[in-house]
Amino acid sequence: MRRYLVITAFAGILLSSCDTLTKTARTADIPSARYNATVADLKVTDRISYTMQPSKAVQRGGMSNVKQAAESEALEKKGGNADILLEPQFVIEKKRTLFGSKVKSITVSGRPATYTNFRSLDDSVWVNPVFRGVKVRNGYNVPKTVSPRQQVSDAISYGMRRTGFAAYLNLSGGYADIENSSDDIYGHEGDSGFGEALLSFGYQLDPHWYVGIGSGVNYNGELEGFFVPIFAHGRYSFSPYKNSLFVDCKIGKSCEINLDSDIDPGLYVSPSIGYSFGWFDIALQYTLQKFDGYTDYSYREKGGYKAEHVGISLGFRF
């Protein structure tokens, strides 16, 4: 029993003396760029080569530890204390022993690189599809190797404006000014209120351009009538994302609903500028309507009316 205790104690002393030395280095076969909220440039130097004879303590950590130790020493002694070793390659010489093999020497070669020019990216650059390595496919800005279902999910998460069929509903109201080109006026001139509801159907060509056609109804208090504009609709968004400044224009004809009216159909133009909040937008709108109609009580003279409207428009995208 006493002999067994002595042998056990002796073995414990031997095992405790076998230290393992582990060295680490930040090395990897990395891609050409790494993306993060903070980015940096890599200053790469010429390829170096370094040979070392790993100690027993290093070898006890395994072959991975031997390689990391070689890379660490190569960066320290021949790499100018660079941060990373790019494209590391190894030549390992082993020696067979009675109980296996051990590494006699290891040679590592690679390109030392140092991180420089650390900088932060604001959100407008970070979500840029070109920076993130994505492309437009089927109307969505998505990574190049994803399924169609994932494309839709990624387009929504990126906040991009999707292409395809779309519709806009616009509700507006404001101030109207009516002018009569004839000196013989029978009432259609002056200031009044104005209200309008328009619906447009069209196609989102890309994240910026929308084209369509539409119609609706507006009411002019001074002309005391409802008018139906029929128009071509174009919109340009300055950003491909759903939250964006935009300009909008509708051009066409407008006619009074009353078929017995003395006012003939005329020009309809309605430009606006506003900001889109995803599916909802708000804009400052100007509308010009020109008509021909009788301008005297006896219906003997036809003249022109010019109705100008300025107001606020609320839009909804479907």
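Just so it is clear, the values below take in all heavy atoms, side chains as well, and ignore hydrogens, waters and symmetry mates.
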**OP:** May I ask you to list the residues sharing a hydrophobic cluster with Phe231, side-chain cutoff 4.5 Å, ordered by chain and number?
**Re:** Leu198, Tyr268

Original post:
Do you know which two heavy atoms are closest between Leu171 and Ala197, and how far apart they sit?
Top reply: CD2-CB, 3.7 Å

**OP:** With the side chain counted from C-beta on, respond yes when Gln204 and Arg161 share a heavy-atom pair under 4.5 Å apart, and no when they do not.
**Re:** yes

Original post:
Within the distance-only criterion (no hydrogens, no angle test), does the side chain of Ser244 pair as donor or acceptor with the backbone N or O of Ser239 below 3.5 angstrom?
Top reply: yes

Original post:
Just wondering, do Ser172 and Ile312 contact through their side chains at under 4.5 Å, heavy atoms?
Top reply: no

**OP:** List the atom of Phe277, the atom of Ile282, and the distance in Å for their closest heavy-atom pair.
**Re:** CE1-CG2, 4.0 Å

**OP:** Validate the cation-pi geometry between Lys78 and Tyr50: distance from NZ or CZ to the six-membered ring centre under 6.0 Å, angle to the ring axis within 45°.
**Re:** no

**OP:** May I ask you to decide if Asp177's main-chain N or O and Asp191's side chain share a donor-acceptor pair within less than 3.5 Å?
**Re:** no

Subject >> Side chains of Thr287 and Val269 in contact at under 4.5 Å (non-hydrogen atoms) >> reply: no

**OP:** Using salt bridge (charged side-chain N to carboxylate O under 4.0 Å, His left out) as the criterion, list what pairs up with Asp41, not counting sequence neighbours.
**Re:** Arg119

**OP:** State, yes or no, whether a side-chain contact exists between Lys306 and Leu288 at a heavy-atom distance under 4.5 Å.
**Re:** yes

Original post:
For Lys250, does its backbone N or O pair with a side-chain atom of Ser270 as donor and acceptor, under 3.5 Å?
Top reply: no

Original post:
Which residues pass the salt bridge (charged side-chain N to carboxylate O under 4.0 Å, His left out) test with Lys253, sequence neighbours left out?
Top reply: none

Original post:
Minimum heavy-atom separation for Met52 to Pro54, with atom names?
Top reply: O-CD, 3.5 Å

**OP:** Following the transitive rule for hydrophobic clusters with a side-chain heavy-atom cut-off under 4.5 Å over Ile, Leu, Val, Met, Phe, Trp and Tyr, establish whether Trp279 and Tyr210 coincide in one cluster.
**Re:** no

Subject >> Pi-cation contact, Tyr168 with Arg235 (under 6.0 Å, within 45°) >> reply: yes

Original post:
Within a strict 4.5 Å, meaning less than it, do heavy atoms of the Val66 and Ile92 side chains meet?
Top reply: no

Subject >> Lys/Arg-Asp/Glu bridge criterion (N-O < 4.0 Å) met for Arg47, Glu87 >> reply: yes

Original post:
Considering only heavy atoms from C-beta outward, does the side chain of Asn81 approach that of Leu75 to under 4.5 Å?
Top reply: no

**OP:** Give the C-alpha distance, both sets of side-chain angles, the deciding distance and a yes or no for side-chain hydrogen bond (donor to acceptor under 3.5 Å, both in side chains) between Gln289 and Glu308.
**Re:** CA-CA 7 Å; Gln289 295 184 105; Glu308 295 180 284; over 6 Å; no

